[in-house]
Amino acid sequence: MAASTAVTSSAFQTSSSATRLAHPPPYSKSFFNLPTKTLPKPLHITPSKKNPISDVISTYKKSETLGSDSPFQSNDDDKPREECGVVGIYKDPEASRLCYLALHALQHRGQEGAGIVTVHDGVLHSVTGVGLVSEVFNESKLDKLPGDTSIGHVRYSTAGSSMLKNVQPFVAGYKFGSVGVAHNGNLVNYQSLRADLEENGSIFNTTSDTEVVLHLIAISKQRPFFLRIVEACEKLEGAYSMVFLTEDKLVAVRDPFGFRPLVMGRRANGAIVFASETCALDLIEATYEREVLPGEIIVVDKEGVQSFCLMPHPEPKSCIFEHIYFALPNSIVFGRSVYQSRHKFGEILATESPVDCDVVIAVPDSGVVAAIGYAAKAGVPFQQGLIRSHYVGRTFIEPSQKIRDFGVKLKLAPVRAVLEGKRVVVVDDSIVRGTTSSKIVRLLKEAGAKEVHMRIASPPIVASCYYGVDTPSAGELISNRMSVEEIREFIGSDSLAFLPIERLKGELGMEESKGFCYACFTGDYPVEPLGKVKRIGDFVDDGLSGSMGSIDGGWLAGIKKKVNLKEEVSF
């Protein structure tokens, strides 16, 4: 798409903690009216020159959110969930509105909270809220975000009793000024870092691991500012793609393994843009230049764009699930086209697991591209056998099985004219618990399908993710408890096949395949979680209040490595 650009010279004096990347390798690569109605969602607006960490949070009444004691439960959407998406924009007069649009493009990465922070005349201005981007922001809220530099965040978390206080970006004051941060990922040593900080007097106001980063920056004695980030990141383990905002700088950083994506682009007026995916760059007409490299820190200020090596980094371990499910098909992630990856995964399924059929359909929307690839390779028509409703959102349902069974029907409607009397191959991206797959198979057969053959465009998921993805505990993952044949019987399909992991790696290429993380398929973790790790999947992410250690089941036990795991053990 666009050529890489050279890194400008630096005015900073680097220490041994950060080594400049003089020439990082290149990678392949008008506004609408905003709603103005009054928002029903709680909102947090913080304009402050030096607001302490204790002022980051606004009070959010428990009655205004679906807490753990709510009679409503999460919907039956049986998919892993990406934690969040981040945006950073430097030196554009429409920074807050561009950030708003970019967050819209990343809405698939998080639907339960959004926030934007800008800087104007040395003051950081913050607006955060619970809900979709369009629900949190309107013209009047964006007018409260002046300035030409901004960072933004969309967030996913399961419902908790104090969600608002955990919505990013966070803003905090320290000795030398103010800093805002937006984080995509998950720190596996969060608990030990927090315990050490609390032992030395730090007071935490959220249960988000991102707040740890702010405390580490605040206590650092390094100068200039980016070296504070370097020193903080040297203590972090796990996944983090972050953007920081100060009174005069925008800083982007990616963990040494490069688990979560982060790309850099440039608008025609010279404005620098960072985002989790290139689809956000496309929407705001920024040209994709390259990835932020694993272990790289990029500082953008009046001196230009400066790149440093955060720390010596091992072989990258980028999340393969970005190409399977999370990213939009029109994005380039980790230097590869997501659309082309998914199309090829479908072709591999057709080659490895062929079946006599009359029509190929997809579970929309994430299974569509793989289904197109399967149909093209098999020489069978691809048709739209399931219609997805885009107006349901998260379905909160009464605890009644009779009502709960309508959950899938609210989202997916079968097309009888496509299905009746047909042998149907239905392609989906993954199977997690198996509950949704069983409902889809039943839905298709009730609509007249003669046979239903499930094809899954990923290997079986047998282990939980600790790197910023919401997955159930290993014991709840159906592929961790059952064989492929047992799963087939459970979901009721006539046949079932997964993408073989070796064929997946083969498609990536011998060398490139080594740069991806397959922990959810193998149980082999590039960064082994130490001690206790926050449980993400079952009841809360980081939206809970009170003592975290007192929450029954609130920690995710470790699992034995390799596939066909039958039990969980502690580390």
Side-chain angles (χ1 to χ4, degrees), residues 30-35 39 41 43-47 84-111 113-120 123-155 167-171 178-184 210 241-252 261-288 292 298 300 328 331:
S30 54
F31 313 113
F32 48 79
N33 292 326
L34 302 176
L39 298 179
K41 300 289 184 180
L43 208 64
H44 173 214
I45 304 176
T46 308
C84 48
V86 300
V87 175
I89 299 172
Y90 182 81
K91 290 299 181 184
D92 193 293
E94 298 281 356
S96 64
R97 282 162 171 78
L98 288 173
C99 198
Y100 169 89
L101 293 170
L103 292 178
H104 258 298
L106 298 176
Q107 187 75 86
H108 60 287
R109 300 184 76 88
Q111 299 89 46
I116 295 175
V117 175
T118 62
V119 59
H120 180 63
V123 177
L124 299 188
H125 300 263
S126 173
V127 175
T128 61
V130 174
L132 300 175
V133 175
S134 60
E135 296 173 316
V136 174
F137 296 100
N138 57 21
E139 281 284 4
S140 64
K141 297 304 180 290
L142 292 175
D143 287 342
K144 292 179 172 65
L145 293 168
D148 60 7
T149 301
S150 66
I151 60 173
H153 190 269
V154 289
R155 159 189 164 83
V167 177
Q168 299 180 37
F170 291 159
V171 180
S178 298
V179 58
V181 60
H183 171 210
N184 177 23
T210 308
S241 287
M242 296 183 286
V243 287
F244 295 87
L245 180 65
T246 69
E247 290 88 343
D248 62 348
K249 292 178 177 60
L250 177 64
V251 181
L262 191 62
V263 296
M264 184 177 78
R266 193 184 305 261
R267 281 173 48 81
N269 62 0
I272 301 297
V273 181
F274 296 100
S276 292
E277 290 182 39
T278 59
C279 62
L281 305 184
D282 296 338
L283 182 60
I284 63 173
E285 299 179 340
T287 302
Y288 168 52
V292 177
I298 298 178
V300 188
L328 287 185
S331 286

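In this chain, residues are counted from 1 in sequence order.
With values rounded to the nearest 0.5 angstrom, C279 atom SG is found 8.0 Å from R109 atom CZ. Put simply, CG on L103 and CG on L283 are 10.5 Å apart, with the number rounded to the nearest 0.5 Å. Once rounded to the nearest 0.5 Å, the distance linking NE2 of H153 with CZ of F170 reads 8.0 Å. The distance from atom CG of N184 to atom OG of S241, rounded to the nearest 0.5 Å, is 6.0 Å. Rounded to the nearest 0.5 Å, atoms CG (N269) and CD (E94) are 10.0 Å apart. The distance from atom CG of L328 to atom CG of L106, rounded to the nearest 0.5 Å, is 8.0 Å.
For the pair M242/V251, no side-chain contact is recorded, criterion being any heavy-atom separation below 4.5 Å from C-beta on. Counting heavy atoms from C-beta on, the side chains of Y100 and V133 come closer than 4.5 Å. Between V181 and P169, every side-chain heavy-atom pair lies at or beyond the 4.5 Å cut-off. The closest side-chain heavy-atom distance from L245 to L124 is below 4.5 Å. Side-chain atoms of F244 and L250, non-hydrogen and from C-beta on, never get closer than 4.5 Å to each other.
A donor-acceptor pair shorter than 3.5 Å cannot be found between the side chains of T128 and Q168.
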Quick one, S178 with E247, criterion side chain to side chain contact (heavy atoms under 4.5 Å, CB included). Give me CA distance, side-chain angles, the key distance, then yes/no. CA-CA 7 Å; S178 298; E247 290 88 343; 3.9 Å; yes

How far apart are the C-alpha atoms of V154 and Q111, what are their side-chain angles, what is the distance that settles it, and do they pass the side chain to side chain contact (heavy atoms under 4.5 Å, CB included) test? CA-CA 7 Å; V154 289; Q111 299 89 46; over 6 Å; no

Derivation and outcome, side chain to side chain contact (heavy atoms under 4.5 Å, CB included), residues I298 and F274: CA-CA 10 Å; I298 298 178; F274 296 100; 3.8 Å; yes

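Considering only residues two or more places apart in sequence or on other chains, D148 meets the salt bridge (Lys or Arg N to Asp or Glu O under 4.0 Å) condition with K91. Evaluation of the side chain to side chain contact (heavy atoms under 4.5 Å, CB included) rule for T118 yields S96, I116, H125, L145, P146, S150 as partners, not counting sequence neighbours. A102 pairs by the side chain to side chain contact (heavy atoms under 4.5 Å, CB included) definition with V87, A280, I284, not counting sequence neighbours.
Look at E139 and R97 and you find a salt bridge, because one of the NZ, NE, NH1 or NH2 atoms lies within 4.0 Å of a carboxylate O, short of that distance.
Between M264 and the options I272, V300, V273, L281, a side chain to side chain contact (heavy atoms under 4.5 Å, CB included) holds for only I272.
The two residues S126 and V171 have their closest heavy-atom pair at CB-CG2, 3.9 Å. Closest heavy-atom contact between V167 and G129: CG1-O, 3.7 Å.
Side-chain N or O atoms of Q107 include none that pairs as donor or acceptor with a backbone N or O of H104 at under 3.5 Å.
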